[in-house]
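What follows is a set of notes on a single structure, which appears directly below.
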Amino acid sequence: NHLERLRNRASFIANSCKEIRDRYDQKEDGLYYLTTANGGVYQTFCDMTTAGGGWTLVASVHENNMYGKCTVGDRWSSQQGSNPNWPDGDGNWANMVTFGTTDGATSDDFKNPGYYDIVAEDMSVWHRRFLTIYGGNLHQLFKLYPVRYNAGACGNTGPAIPIMYDFGNIETTRGFYGPNLRNQFEPGFITFRPINNVRAAMAICSGVKPIPNTRCDTEHYCIGGGGHFPEQAPRQCGDFPSFDWNGYGTNTEWSSSKEITEAAVLLFYR
Ligand code: G3P
Ligand code: CA
Ligand code: CA
């Protein structure tokens, strides 16, 4: 029965959902306990059904208040304003701080020890074996490519990896972002550490790759960031940096759709 299954889960010792799948033959989505290299135990959601399963939820990025510009809740950029003397912002892309809850992951920021503890090959719905070459997780990747104001210029973007869609497609991805932007990115990729035309760094462009030698207004379609966004500061500073430039959820000019503005971006490893 149900309780029996949960009791059983508490006895598993594994470092990732992939290991739970392989070692204990679990095929059910749900919460499982994982054990870190240090012996710490935490609980997280395992997706055991998508594309063979074994996916560990390690983080989520959510914009709790589009009108707050690098204020409380902007954990993936800065909670202390837009400030060139605080170029890394909160620094959570490359540190070992954890926050949030598994149940709250779709409605608030979330980061668990798996983010830095699991050494993975793939990420989320993007089934490509690219993490290995960047150190096995995002924690290592963002040490190589700091999410830091002034770390580089437009064109010093980090890796862009082709994605495979489980849901949606190239056209639905294009439509999430403002019409003024649709000729400056190419859908079908996940891109790390983009930099805009005034040297503000972001962390992830979910679903697109900025095209080199275009305007590089990545603040309207990439998420997370360092501690300073110079253009009309602090107007573009935040976890979903400038998704609201021409109004909240309007999907006109530079503004994103309401759908993507209100989404949580869930990051899984395998
Ligand atoms: O990212 C958009 C900004 O750089 C230009 O905005 O309002 O002058 O068209 P605007
Ligand atoms: Ca947030
Ligand atoms: Ca701009």
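Atoms within each ligand, like the ligands themselves, are counted from 1 in listed order.
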List ligand 1 atoms under 4.0 Å from Glu219, heavy atoms only on the residue side.
1 (O)
Contact atoms of ligand 1, heavy-atom distance to Arg215 under 4.0 Å:
3 (C), 4 (O), 5 (C)
Taking the Ca ion (ligand 3) as the apex, Glu219 OE2 and Asp217 OD1 span an angle, rounded to 10°, of 100°
Atom name, Glu231 (N, O or S, nearest to the Ca ion (ligand 3))
OE1
Closest protein heavy atom (residue, atom, distance) for [atom]:
| atom | value |
| --- | --- |
| atom 3 (C) of ligand 1 | Glu231 OE2, 3.0 Å |
| atom 8 (O) of ligand 1 | Trp245 NE1, 4.9 Å |
| atom 9 (O) of ligand 1 | Trp254 NE1, 3.2 Å |

Are Asp25 and Lys27 within salt-bridge range, i.e. N to O under 4.0 Å?
yes
Under-4.0 Å salt bridge between Asp244 and Arg235:
no
Taking the side chain from Asp47 and the backbone from Gly53, do they hold a donor-acceptor pair closer than 3.5 Å?
no
Taking the side chain from Arg9 and the backbone from Leu31, do they hold a donor-acceptor pair closer than 3.5 Å?
yes
Could you please compute the angle at the Ca ion (ligand 2) from OD2 of Asp109 to OD2 of Asp239, rounded to 10°?
90°
What about His220: any of its N or O atoms under 3.5 Å from an N or O on ligand 1?
yes
Does the ring centre of Phe142 sit less than 6.0 Å away from the ring centre of Trp93?
yes
Tested for side chain to side chain contact (heavy atoms under 4.5 Å, CB included) against Tyr32, the lone hit among Cys17, Cys46, Ser16 is Cys46
